[in-house]
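Single-structure report; data block below.
All chains are named by letter (A, B, ...) in the order of the sequence lines, taking the proteins before the strands, and each is independently numbered beginning at 1.
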Amino acid sequence: DSGVTQTPKHLITATGQRVTLRCSPRSGDLSVYWYQQSLDQGLQFLIQYYNGEERAKGNILERFSAQQFPDLHSELNLSSLELGDSALYFCASSVGQGNIQYFGAGTRLSVL
Amino acid sequence: DAKTTQPPSMDCAEGRAANLPCNHSTISGNEYVYWYRQIHSQGPQYIIHGLKNNETNEMASLIITEDRKSSTLILPHATLRDTAVYYCIVRVVLTGTASKLTFGTGTRLQVTL
């Protein structure tokens, strides 16, 4: 158990819908990272927050957004969902910004 | 971050050492070598990392060549539970600086009886 909690574990929704994925980092970790893993793209970095502020962005679509709250948990919002958004979404956390990242178990999103 | 090259797949007999190579010929002086693994579709798991010197922990050993252009992850006594995709990642680690992990395609290690 990495100490990073992601909910829900599975999510099934329809095209055009909006969903929110939640991540609770390890106790004491200030950085949260979001990654997407799809069959054709592999594991890709989406976005990073540090102590509530956005610090780095990867290939995150404009339809996707994230935030980190004062209690340090983070949410990834995916809107206007398309079939191609079906993937595993992982959250990771680290103490600071350059430290070891520990990953949650992921949320499997299926868009039908 | 420097690019890494790993063999797509390897087999290892249970109880034997698994030696997973990684080439990172364009690595620069301030880049570390990290290893993660992903068992089935679980979240990636941190294994070990190093800069220049060889490193060992309870999971594995990391051997980095003197020129730092390649490294080898060693699982000393592989078990069936070590079957996974192993990712070698090179990244800059600067305190206070955003630093993502760039995953390649990794090596699929199959441990067999």
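- When side chains are defined from C-beta on, Lys100(B) does not count as touching Gln44(A), because their heavy atoms never get closer than 4.5 Å.
- Two residues are said to be in side-chain contact when any heavy atoms from C-beta on lie closer than 4.5 Å; Tyr36(B) and Ile100(A) meet this criterion.
- Residues Phe103(B) and Tyr35(A) meet the side-chain proximity criterion, which asks for heavy atoms closer than 4.5 Å.
- Hydrophobic clustering (side-chain heavy atoms under 4.5 Å, transitive across Ile, Leu, Val, Met, Phe, Trp, Tyr) groups Val33(B) together with Leu109(B).
- At a 4.5 Å heavy-atom cutoff, Gln6(A) makes no contact with chain B through either its backbone or its side chain.
- Side-chain heavy atoms closer than 4.5 Å link hydrophobic residues (I, L, V, M, F, W, Y) into clusters, and following such links, possibly through other members, connects Tyr32(B) to Phe45(A).
- Proximity to chain B among residues 17-34 of chain A is limited to Tyr33(A), judged by heavy-atom separations below 4.5 angstrom.
- Contacts with chain B (heavy atom to heavy atom, under 4.5 Å) involve these residues of residues 78-94 of chain A, listed by number: Leu88(A), Phe90(A).
- Around atom CG of Leu39(A), no more than 12 heavy atoms belonging to other residues, nucleotides or ligands sit under 6.0 Å away.
- Linking Ile, Leu, Val, Met, Phe, Trp and Tyr residues whenever their side-chain heavy atoms come within less than 4.5 Å places Ile48(B) and Leu20(B) in a single cluster.
- Residue contact with chain A, scored on non-hydrogen atoms closer than 4.5 Å, involves the side chain of Gln38(B) exclusively.
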- Item | Steps toward side-chain contact (heavy atoms from CB on, under 4.5 Å) verdict (Ser41(B), Arg108(A)) | CA-CA 9 Å; Ser41(B) 294; Arg108(A) 183 178 292 277; 3.5 Å; yes
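- Within 6.0 Å of the CD1 atom in Ile12(A), the count of heavy atoms belonging to other residues, nucleotides or ligands does not exceed 12.
- Counting heavy-atom neighbours within 6.0 Å of Arg16(B) CZ, excluding the residue itself, gives a total of 12 or less.
- Linking ILVMFWY residues whenever their side-chain heavy atoms come closer than 4.5 Å, directly or via other members, places Leu73(B) and Met59(B) in the same cluster.
- Connection of Leu61(A) to Leu11(A) is established within a shared hydrophobic cluster, with ILVMFWY side chains joined at heavy-atom distances below 4.5 Å, either directly or through further cluster members.
- No more than 12 heavy atoms of other residues, nucleotides or ligands shown are found within 6.0 angstrom of CG on Asn59(A).
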